[in-house]
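To start, the structure itself, in structure tokens.
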Amino acid sequence: MKILVADDSRVMRQIVVRTLRQAGFGHHDVVEAEDGADALAKVAAENPDLILSDWNMPNMTGIELLRALKAQGDTRPFGFVTSEGSDDMRSTAEQAGALFLIAKPFTPDSFQDALSGVLG
Amino acid sequence: MTITTGPDTDLVQAALEQVWESMLYAVAEPVPSTAGALANGLEATITVSGAWNGELRLFCDAGAASQMAATMLGAPADEEMPELDVHDAVGEILNVVGGSVKGALEGESRLGLPQVRPATSLPDPADCVAVSWRGAPVYVQIVSLPA
């Protein structure tokens with residue numbers, strides 16, 4: 001499977017990729033995007049099976065990305081990996097169609113819990 | 001309801017401890033009394049606006065920042081990191097601390113994007129939450145600003 005990781009921090013993208021590996025998902029292909037707009041373009045170009053996105057990004061935020069995808073009728077799994085894990089944001093994410101929200105800082109266990117049902 | 005009180009230092013301390021453990025694979029220990037003043041310092045800033053308006057400002061030595069970036073990227077500890085990655089890493093540390101702080105505030109708030117630059121002035125350490133990175137001080141200051 002192919003996973004799209006969207007985060008405006010290159011360092012955080014590397015940490016997400018490393019945590020995916022530590023959580024046992026290292027055999028999947030990973031594509032990186034540096035903001036929501038880049039992610040939207042890469043969804044079309046790369047056809048990922050799963051999208052992991054930061055929330056707070058320049059150009060297009062993660063929630064704007066999710067809403068843009070849903071407006072296109074996109075049904076692929078989408079989850080947030082974000083520093084903001086309040087109840088309000090979890091509710092907003094869920095209402096927009098996100099499957100899960102992983103709050104930073106995270107551990108491999110939190111990735112396993114959120115992703116095992118999606119990636120198997 | 002308008003909330004005028006900002007985040008307390010215990011909240012920032014707890015967020016730093018979580019970041020040290022899960023992103024830097026270290027224990028956030030107190031700054032040793034032998035630690036010198038910051039030299040060649042970096043300053044990261046992130047704004048919180050809404051029920052409380054203010055900034056979190058993180059100060060650390062550029063050498064410590066480079067080591068933290070190397071740790072976050074899985075690079076050798078003594079590898080000199082590009083400035084872009086160092087600023088990115090320090091900004092992301094503060095972004096995660098800011099996310100924890102924002103989540104604990106009552107009312108609606110917005111978190112800005114982190115900005116990192118060379119420090120032009122240093123805060124009084126007594127006004128900051130301070131933790132040690134391999135013996136070097138890392139300070140986080142909570143600054144309330146007008147709405």
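Here is the naming used below: chain letters follow the sequence lines, and residue numbers restart at 1 for every chain.
Within the 4.5 angstrom heavy-atom criterion, only side-chain atoms of A:Arg18, from C-beta onward, approach chain B. Of the two parts of B:Ser109, neither the backbone nor the side chain holds a non-hydrogen atom closer than 4.5 Å to a non-hydrogen atom of chain A. Residue contact with chain A, scored on non-hydrogen atoms closer than 4.5 Å, involves the backbone and the side chain of B:Gln18 alike. For A:Met89, the part sitting under 4.5 Å from any heavy atom of chain B is the side chain, from C-beta outward, and nothing else.
For CD of B:Glu83, the number of neighbouring non-hydrogen atoms (other residues, nucleotides, ligands) closer than 6.0 Å is 12 at most. The number of heavy-atom neighbours closer than 6.0 Å to CG of A:Asp87, taken from other residues, nucleotides and ligands shown, is 12 or below. The environment of CD in B:Glu80 is sparse: at most 12 heavy-atom neighbours from other residues, nucleotides or ligands sit within 6.0 Å. In the displayed structure, A:Glu94 atom CD is contacted under 6.0 Å by at most 12 heavy atoms of other residues, nucleotides or ligands. Summarising the local packing, CZ of A:Arg76 is surrounded by more than 12 heavy atoms from other residues, nucleotides or ligands at distances under 6.0 Å. Shown here is B:Leu145, whose CG atom has more than 12 heavy atoms of other residues, nucleotides or ligands within 6.0 Å. When the shell of 6.0 Å around CD of B:Glu21 is examined, it contains 12 or fewer heavy atoms from other residues, nucleotides or ligands.
Ranking B:Asp85, B:Val97, B:Val19, B:Val101 against chain A, the residue ahead of the rest is B:Asp85, based on heavy-atom pairs under 4.5 Å. Of the listed residues B:Gly103, B:Gly98, B:Ser22, the one with more heavy-atom pairs under 4.5 angstrom with chain A than any other is B:Ser22.
For the atom pair CG (B:Asn95) and CG (A:Asp7), the distance works out to 8.0 Å, reported to the nearest 0.5 Å. Here the CD atom belonging to A:Glu84 is positioned 4.0 Å from the NZ atom belonging to B:Lys102, to the nearest 0.5 angstrom. Atom CD1 of B:Ile46 is separated from atom OG of A:Ser83 by 6.5 Å, given to the nearest 0.5 angstrom. A:Asp54 contributes atom CG, which lies 6.5 Å from atom CD of B:Glu92 (distance to the nearest 0.5 angstrom).
Under a hydrophobic-cluster definition in which Ile, Leu, Val, Met, Phe, Trp and Tyr are linked whenever side-chain heavy atoms come within less than 4.5 Å, directly or via other members, B:Val48 and B:Val143 are assigned to different clusters. A continuous path of hydrophobic side-chain contacts links A:Val11 to B:Trp133 [ILVMFWY only; heavy atoms under 4.5 Å].
Considering all non-hydrogen atoms of both residues, A:Pro105 and B:Val96 come closest at CD-CG1, 3.3 Å. The nearest pair of heavy atoms linking B:Met72 to A:Ile15 is O-CG1, 3.4 Å. Contact between A:Asn56 and B:Leu113 at its shortest, heavy atoms only, is O-CD2, 3.5 Å.
Looking only at side-chain heavy atoms (C-beta outward), B:Asp88 and A:Met12 stay at 4.5 Å or farther from each other.
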